[in-house]
Amino acid sequence: MPFAIALSGLLGVLALFQLALIFGAPLGAFAWGGQHRVLPTRLRIGSAVSIVIYALIVVVAWDCVGAVDIFDESVAEVAMWVIFAYFMLGIVMNAVSRSKPERYTMVPTCVVLAALSYFIAAG
């Protein structure tokens, strides 16, 4: 359960970050390739979708550790491994970003998220 708590907390912080981007905070150098200081509408929509994805990840993680019972056990287990792969892909995608601020903040963040999701998936 500690891994699910940590994963939820970190995703909560990222959700707040995405929310700030949606409302026009000049933090675009840290997200979406760092091309825009303030995100255009299409990327703000992407940030909103990210928040929904983070919420779904949290639900799957809590299901995997037995805190909630929403999905069939095998579905939650497979979903958690898919989430692990998603964060591994995030490491690569952020590592190749042209934005140094994004690389220096989001790569370590994705490493932590991948590790936490691995520990949850591995049970």
Side-chain angles (χ1 to χ4, degrees):
M1 190 156 322
F3 298 125
I5 292 169
L7 183 77
S8 299
L10 187 50
L11 287 174
V13 170
L14 284 175
L16 291 173
F17 168 70
Q18 295 290 355
L19 194 61
L21 290 171
I22 291 167
F23 285 107
L27 301 170
F30 294 92
W32 302 109
Q35 302 294 322
H36 306 279
R37 186 170 169 264
V38 174
L39 297 184
T41 301
R42 68 183 171 81
L43 293 180
R44 290 180 190 204
I45 292 168
S47 288
V49 171
S50 293
I51 293 171
V52 173
I53 291 169
Y54 299 159
L56 181 59
I57 290 170
V58 167
V59 170
V60 170
W62 284 104
D63 195 294
C64 279
V65 300
V68 297
D69 188 19
I70 296 171
F71 305 106
D72 181 67
E73 187 177 332
S74 60
V75 170
E77 194 173 304
V78 169
M80 200 67 228
W81 284 110
V82 170
I83 291 164
F84 167 69
Y86 172 77
F87 289 129
M88 292 298 291
L89 179 62
I91 294 168
V92 174
M93 296 303 291
N94 285 297
V96 299
S97 173
R98 293 182 209 158
S99 167
K100 283 185 183 181
E102 184 175 26
R103 280 196 313 267
Y104 294 152
T105 58
M106 294 307 174
V107 169
T109 300
C110 281
V111 167
V112 171
L113 290 167
L116 291 168
S117 60
Y118 172 83
F119 291 128
I120 294 167

For [X], side chain to side chain contact (heavy atoms under 4.5 Å, CB included) partners two or more places apart:
{"X": "A25", "value": "A20, L27"}
{"X": "A67", "value": "M1, W62, V65"}
{"X": "V112", "value": "L10, L116"}
{"X": "F23", "value": "L19"}

Distance, nearest 0.5 Å, that separates [atom1] of [X] from [atom2] of [Y]:
{"X": "I91", "Y": "M88", "atom1": "CD1", "atom2": "CE", "answer": "4.5 Å"}
{"X": "L21", "Y": "L14", "atom1": "CG", "atom2": "CG", "answer": "10.5 Å"}
{"X": "I120", "Y": "I83", "atom1": "CD1", "atom2": "CD1", "answer": "8.5 Å"}
{"X": "F17", "Y": "T105", "atom1": "CZ", "atom2": "OG1", "answer": "7.0 Å"}

Quick check on the hydrophobic clustering: are [X] and [Y] connected, directly or via other members, by side-chain heavy-atom contacts under 4.5 Å?
{"X": "I5", "Y": "L56", "value": "yes"}
{"X": "I53", "Y": "L16", "value": "no"}
{"X": "V92", "Y": "L113", "value": "no"}

For a quick test of reading the model, state the closest non-hydrogen atom pair linking [X] to [Y] and the distance between them.
{"X": "A29", "Y": "P101", "value": "O-CB, 3.9 Å"}
{"X": "S99", "Y": "G33", "value": "CB-O, 3.6 Å"}
{"X": "M80", "Y": "S117", "value": "CE-CB, 3.4 Å"}
{"X": "A15", "Y": "I51", "value": "O-CD1, 3.7 Å"}
{"X": "S8", "Y": "V58", "value": "OG-CG1, 3.5 Å"}

Given side chains that start at C-beta, do those of V82 and V60 come closer than 4.5 Å, heavy atoms only? no

For residues 32-45, which residue pairs qualify under side chain to side chain donor-acceptor pair (under 3.5 Å), counting only residues two or more places apart or in two chains?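 Output for this query lists W32-S47.
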
Filter on ring-ring contact (aromatic ring centres under 6.0 Å, His included), then keep only pairs touching residues 101-123, sequence neighbours left out; what's left? F3-F119, W81-Y118, F84-Y118

For a quick test of your reading: what N or O donor-acceptor pairs under 3.5 Å do the side chains of residues 71-79 make, sequence neighbours left out?
unit_1 : atom_1 : unit_2 : atom_2 : d
D72    : OD2    : S74    : N      : 3.4
D72    : OD2    : S74    : OG     : 2.6

Hydrophobic cluster mates of L89, side-chain heavy atoms under 4.5 angstrom, ILVMFWY only, any path?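 Via sub-4.5 Å side-chain contacts, L89 links to M93.
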
